[in-house]
A.B. asks: 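So that we are looking at the same thing, I have put the structure below in C-alpha cells.
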Amino acid sequence: MPTAFVSALVLFACHGIAQGSRNPLPSATDCRALPNCHSIFGSGIIEGCGWCWDTSITLNQTHGGRHGTFEGPNDGLGKCSDWTFDSLECQKHVDCDGDVPTCEGIVGTYCGWCVGLDGGSSGKAIKGTPSGPKKGVECGEWTWDHAKCLRSDGPEQVRLSMAGNAGEIYALTWASAAAGLNSSAVFHGPSASVTLPAETTYFPATNDAGFQYIHRVLLRGSAAASIGLTPGAPCEYEVSLCTEVQCLTRGPFRFANRRDVAAPGAAPLSVLVFGDMGRYGGGQVLRALKRELGGHGPTSGTSLITDAVIHVGDFAYDLATHDGLNGDTFFQRVEPLASSVPYMVTPGNHEIQTGGDEMNVAYFAQYRNRFTMPRGMYSGSTDGSDHLRGTDMWHSWNLGPVHFVSYSSEVFFSSSNATQQRMIDWLEQDLTAANTAAARAGQPWIVTFAHRPMYCSNIDGDDCTKVGSRVRLALEGILKRHAVDVAFSAHEHSYERLFPVYDNAVAETYEQKCVHDIGCEGETRYVKPSAPVHIVTGAAGCNENSGACINPILKGRGPWSAFYLQKQGTYSYGRLTVYNGTAMRWQVVMAEQNKVVDNVLITK
C-alpha cells in the first residue's frame with residue numbers, strides 16, 4: 001500500500017480519537033471492553049485506559065485494556081508484565097524483556113540496554129529513555145545508542161528448516177560476526193550423538209552492519225539414523241564457532257523428528273501460517289506463536305504438536321535495513337520459534353532489493369543468503385537447482401498427508417521472462433508429479449503458499465485488486481488444473497478468506513455466521529470445493545508507518561470474498577490442521593484478543 005495513503009489514514013484516525021479524550025474519564029469496566037491496544041489512542045494525556053500485555057501471563061495479571069496512568073494500572077487487578085499508555089507504543093510495541101535478547105536489538109525500539117541490573121553482572125533490555133531506564137530500575141551501565149553495543153563473537157540466529165531437493169533432510173542455519181577457524185553442530189539423538197561440520201559462506205552484499213558469516217549444517221538421513229532419530233523422536237542440538245582462542249557454543253535447542261501422523265493415536269499434522277511480520281511490528285503475533293508452540297495458545301488444543309511454521313514472505317521490514325542489522329535483530333527475536341520447528345519461507349516484495357539482474361549480488365541477497373530452503377543456497381539439492389547462488393526461490397516438500405508447494409510470486413515483478421518461465425515450468429512439473437495416483441495416495445492434499453495474492457478486496461491498487469492480475473493470469477490455471485486445495489498468500493496487511501473461486505467467478509458459497517472485523521460464530525464448513533480456497537494472511541504486523549499496518553477493505557470486491565479482518569490492531573495468524581485425507585481445519589487467531597475468530601472445516 002502506498003505509504004502516503006496509509007500515513008494519511010493514521011493521522012486522521014489519531015486526530016479523531018484525540019478529540020474524544022475530552023469525554024468523561026473511562027471507568028475500569030470501559031477499559032476492559034477495549035478490543036485491542038490501539039483503542040487507547042488519545043487516553044495517554046489524561047488518566048484513562050492503557051493496555052496490559054500478557055507477555056508472561058500469571059495468575060495475578062489481567063491481559064487487555066486496564067484503567068491506569070503512565071506509571072501502570074491502578075484498578076487493583078494486579079500488575080502487568082508490560083504496560084502501554086502511549087499510543088505510539090501500541091503501533092511498535094516491543095516487550096523489552098522478552099523480545100530484545102541482545103544489546104544491538106534495541107535499535108528502533110524504546111528499549112535501552114542495562115548492565116548490572118540490581119547489582120548483577122549480566123545485561124538486559126529495559127524500557128526507558130535516552131537518559132536512563134524506567135522509574136525504579138537501577139543500572140550500573142545504561143546504553144541507549146545501539147552503535148555503542150558490543151556484539152557477540154559467537155553463533156546467533158539459529159534456525160531449523162527442511163532442505164535438500166524436497167525437504168528430505170534438515171538444515172541448521174546460523175550467523176556470526178567472524179568466520180572463525182571452523183563451525184559445527186552436535187546432534188544428540190535417543191541412542192547416540194553426531195558432530196557435523198558446517199559450510200560457511202561470506203555475505204557482505206547489502207549487509208555491511210550485519211553478521212556476515214552464514215553457517216549451514218545438513219542433517220541427512222544416514223546421520224539421523226545413526227543417532228536413533230526414528231519418526232517423532234526427540235533431538236537436542238548445539239551449534240559452535242571455534243577461533244584460535246576458544247570455541248563458543250549456543251544451545252541446547254530441541255526439536256522432534258518428523259512424525260508418522262498416520263500412526264495409531266498420533267496427533268494430526270498441524271502447521272502455523274502467517275505473513276508480513278516486522279521486527280517490532282510483529283511483536284503481538286510473535287508472542288502468540290510462542291504460546292502456541294508451548295501448548296498454551298487458543299488453537300493448541302486442536303493438535304498437541306506443531307510440525308512446522310510457514311512465513312509467507314516479507315521479513316523484518318526489511319532484512320537489509322540498517323545495513324543488515326535489522327535482519328540480525330529480527331532473527332534473534334524469532335530464534336525461540338525457528339530453532340524448535342522447521343521455519344519454512346517464501347520470498348516477498350520486501351526481499352527483492354534489486355530487480356531484473358539475477359547476476360547482481362544484491363538480487364534477493366538477504367533472502368538467498370539467510371535462508372536454507374529446499375533447492376536453495378547450499379541446501380544439498382541435486383535436482384539441477386542453482387544451489388550455489390540460491391536463485392531458484394521455489395520449492396516443495398511433503399509433510400504427512402500434505403504436499404506443500406512454495407512458488408515465488410515475485411518473479412513477475414523482479415525477474416527476467418526466462419526466470420518467470422523457468423518457475424512456471426517447474427511448478428507445472430511439480431504439480432503433475434504430485435497428482436499421480438501414488439503421490440495422491442500418500443499426500444491427498446495440495447497446499448500452496450506464495451507472497452502476493454491472486455485475489456483480494458483491499459483498496460490499495462495492488463496486483464490482486466486488478467482483473468488482469470499478473471500472478472493470477474500466469475498461475476491460476478495451473479493451480480486449478482492440478483486440483484490445488486488451499487492457496488495461502490499474504491502481502492496485504494489484512495486477513496481475508498475467500499469462497500472457492502476461479503477466473504473471478506465464485507465456485508461455491510457456504511453458510512456462515514460472520515461479522516467482518518469481529519469474527520465468525522461457530523464452525524464454517526466448506527464441503528467438496530471445486531476450486532482452490534484462497535486465504536490471504538498478511539496481518540502478522542509489519543513495521544511500516546511506525547507499525548500501523550493497515551491495507552483497508554471497504555467491502556468484499558466480489559461474491560468470492562467470505563470474511564475479512566482489516567482494522568488497525570487486528571493482527572492475526574492461523575493454524576492449519578489436517579486430520580486425514582478428507583478433512584482439514586483452518587483457524588485464525590486475533591493475537592491481541594487471544595481468541596479464534598475464524599474456524600473453517602474443509603472436507604472432500
A.B. asks: Going by distance alone, is a donor N or O of one side chain under 3.5 Å from an acceptor N or O of the other, for Ser193 and His188?
C.D. replies: yes
A.B. asks: State whether a side-chain donor-acceptor pair under 3.5 Å links Ser561 with Glu496.
C.D. replies: yes
A.B. asks: Quick one: do Trp397 and Phe404 satisfy ring pair (Phe, Tyr, Trp, His ring centres under 6.0 Å)? Show the steps, please.
C.D. replies: CA-CA 5 Å; Trp397 35 281; Phe404 288 97; 4.5 Å; yes
A.B. asks: Go through it in stages, so that I can follow the logic: the residues are Tyr571 and Met590, the test is side chain to side chain contact (heavy atoms under 4.5 Å, CB included), and I'd like the CA-CA distance, side-chain angles, deciding distance and then a yes or no.
C.D. replies: CA-CA 6 Å; Tyr571 301 118; Met590 199 181 299; over 6 Å; no
A.B. asks: Can you tell me if Asp503 uses its side chain to pair, donor with acceptor, with the backbone of Ala505 under 3.5 Å?
C.D. replies: no
A.B. asks: With no hydrogens and no angle check, is any side-chain donor or acceptor of Arg375 less than 3.5 Å from a backbone partner on Trp394?
C.D. replies: yes
A.B. asks: For the backbone of Leu431 and the side chain of Asn435, can you confirm whether one donor and one acceptor N or O come within less than 3.5 Å of each other?
C.D. replies: yes
A.B. asks: Could you report the tightest heavy-atom contact between Ala483 and Arg440, atom names first, then the distance?
C.D. replies: O-NH2, 3.0 Å
A.B. asks: Could you tell me the separation between the CG atom of Asn594 and the CZ atom of Arg287, rounded to the nearest 0.5 Å?
C.D. replies: 11.5 Å
A.B. asks: Arg216 and Thr372: side-chain donor and acceptor closer than 3.5 Å?
C.D. replies: yes
A.B. asks: Please round to the nearest 0.5 Å and tell me the distance separating atom CZ of Phe364 and atom CZ of Arg389.
C.D. replies: 13.0 Å
A.B. asks: Using a distance-only test with no angle check, is there a side-chain donor-acceptor pair under 3.5 angstrom linking Glu156 and Ser176?
C.D. replies: no
A.B. asks: Can a donor-acceptor pair be found between the side chains of Gln429 and Asp425 at a distance below 3.5 Å?
C.D. replies: no
A.B. asks: Atom CZ of Phe255 and atom OG of Ser339: how far apart are they, to the nearest 0.5 Å?
C.D. replies: 11.0 Å
A.B. asks: Begin from the C-alpha positions of Arg585 and Glu523 and carry the test salt bridge (Lys or Arg N to Asp or Glu O under 4.0 Å) through to its verdict.
C.D. replies: CA-CA 10 Å; Arg585 185 177 301 280; Glu523 177 184 88; 2.7 Å; yes
A.B. asks: Under 3.5 Å, is there a donor-acceptor pair linking the side chains of His215 and Ser183?
C.D. replies: yes
A.B. asks: Distance only, no hydrogens: is a donor on one side chain within 3.5 Å (strictly under) of an acceptor on the other, for Ser494 and Asn551?
C.D. replies: no
A.B. asks: Tell me if a side-chain donor or acceptor on Ser303 pairs with a main-chain N or O of Ala267 at a distance below 3.5 Å.
C.D. replies: no
A.B. asks: Ignoring hydrogens and geometry, is there a side-chain-to-backbone donor-acceptor pair from Asp485 to Ile446 under 3.5 Å?
C.D. replies: yes
A.B. asks: Can Ser381 and Asn165 be counted as having a side-chain donor-acceptor contact under 3.5 angstrom?
C.D. replies: no
A.B. asks: Just by distance, with hydrogens left out, do Gln332 and Gln157 show a side-chain donor and acceptor under 3.5 Å apart?
C.D. replies: no
A.B. asks: Run the side-chain hydrogen bond (donor to acceptor under 3.5 Å, both in side chains) check on Thr577 and Thr302 step by step: do they pass?
C.D. replies: CA-CA 7 Å; Thr577 302; Thr302 305; 5.1 Å; no
A.B. asks: Under 3.5 Å, is there a donor-acceptor pair between the Tyr502 and Arg472 side chains?
C.D. replies: no
A.B. asks: With Ser270, which of Arg575, Glu292, Gln587 fulfils side-chain hydrogen bond (donor to acceptor under 3.5 Å, both in side chains)?
C.D. replies: Arg575
A.B. asks: Looking at OG1 of Thr570 and CD1 of Ile518, how far apart are the two atoms once the value is rounded to the nearest 0.5 Å?
C.D. replies: 11.5 Å
A.B. asks: Determine the minimum heavy-atom distance between Lys604 and Gly581, stating which atoms define it.
C.D. replies: CE-O, 3.6 Å
A.B. asks: Any side-chain donor-acceptor pair under 3.5 Å between Glu492 and Tyr564?
C.D. replies: no
A.B. asks: For Phe371 and Phe315: C-alpha separation, side-chain torsions, deciding distance, then whether ring pair (Phe, Tyr, Trp, His ring centres under 6.0 Å) applies.
C.D. replies: CA-CA 11 Å; Phe371 292 110; Phe315 308 84; 4.8 Å; yes
A.B. asks: Checking Asn257 against Thr230 for the side chain to side chain contact (heavy atoms under 4.5 Å, CB included) test, could you report, in this order, the C-alpha distance in whole Å, the side-chain angles of both residues, the deciding distance, and whether it holds?
C.D. replies: CA-CA 7 Å; Asn257 193 23; Thr230 55; 5.8 Å; no
A.B. asks: Is the CD atom of Glu521 crowded by more than 12 outside heavy atoms at less than 6.0 Å?
C.D. replies: no
A.B. asks: Carefully, step by step, assess His516 and Leu565 under the rule side chain to side chain contact (heavy atoms under 4.5 Å, CB included).
C.D. replies: CA-CA 6 Å; His516 298 310; Leu565 303 168; over 6 Å; no
A.B. asks: Compute whether any side-chain donor of one residue and acceptor of the other, for Asn349 and His451, lie under 3.5 angstrom apart.
C.D. replies: yes
A.B. asks: Mark yes or no for whether His493, through its side chain, and Gly538, through its backbone, hold a donor-acceptor pair below 3.5 Å.
C.D. replies: no
A.B. asks: Tell me if the CZ atom of Arg481 is crowded by more than 12 foreign heavy atoms within 6.0 Å.
C.D. replies: yes
A.B. asks: Would you please indicate if the ring centroids of Phe488 and Trp586 are separated by under 6.0 Å?
C.D. replies: yes
A.B. asks: How long is the straight-line distance from CG of Asn458 back to CD of Gln566, given to the nearest 0.5 Å?
C.D. replies: 8.0 Å
A.B. asks: Can you label the angle between the His395 ring and the Phe449 ring as parallel, tilted or perpendicular, going by 30° and 60°?
C.D. replies: perpendicular
A.B. asks: Less than 3.5 Å apart, any donor N or O on the side chain of Tyr495 or Asp598 sitting next to an acceptor on the other?
C.D. replies: yes
A.B. asks: Would you say Glu168's side chain and Ala166's backbone share a donor-acceptor pair under 3.5 angstrom?
C.D. replies: yes
A.B. asks: Show your reasoning for whether side chain to side chain contact (heavy atoms under 4.5 Å, CB included) applies to Leu160 and Val341.
C.D. replies: CA-CA 6 Å; Leu160 175 72; Val341 294; 5.7 Å; no
A.B. asks: Check for a donor-acceptor pair, side chain of Glu335 on one end and backbone N or O of Val158 on the other, with a separation under 3.5 Å.
C.D. replies: yes
A.B. asks: Taking only residues two or more places apart in sequence or in another chain, which ones pass salt bridge (charged side-chain N to carboxylate O under 4.0 Å, His left out) with Glu199?
C.D. replies: none
A.B. asks: For residues Asn504 and Tyr455, is any side-chain donor paired with an opposing acceptor at under 3.5 Å?
C.D. replies: no
A.B. asks: Tell me if a side-chain donor or acceptor on Tyr510 pairs with a main-chain N or O of Val527 at a distance below 3.5 Å.
C.D. replies: yes
A.B. asks: Looking only at atom types and distance, does a side-chain atom of His350 sit under 3.5 Å from a main-chain N or O of Gly348, one as donor and one as acceptor?
C.D. replies: no
A.B. asks: When rounded to the nearest 0.5 angstrom, what is the spacing between CZ in Phe330 and CZ in Arg370?
C.D. replies: 10.0 Å
A.B. asks: Closest approach of Pro453 and Ala490, non-hydrogen atoms and distance?
C.D. replies: CG-O, 3.3 Å
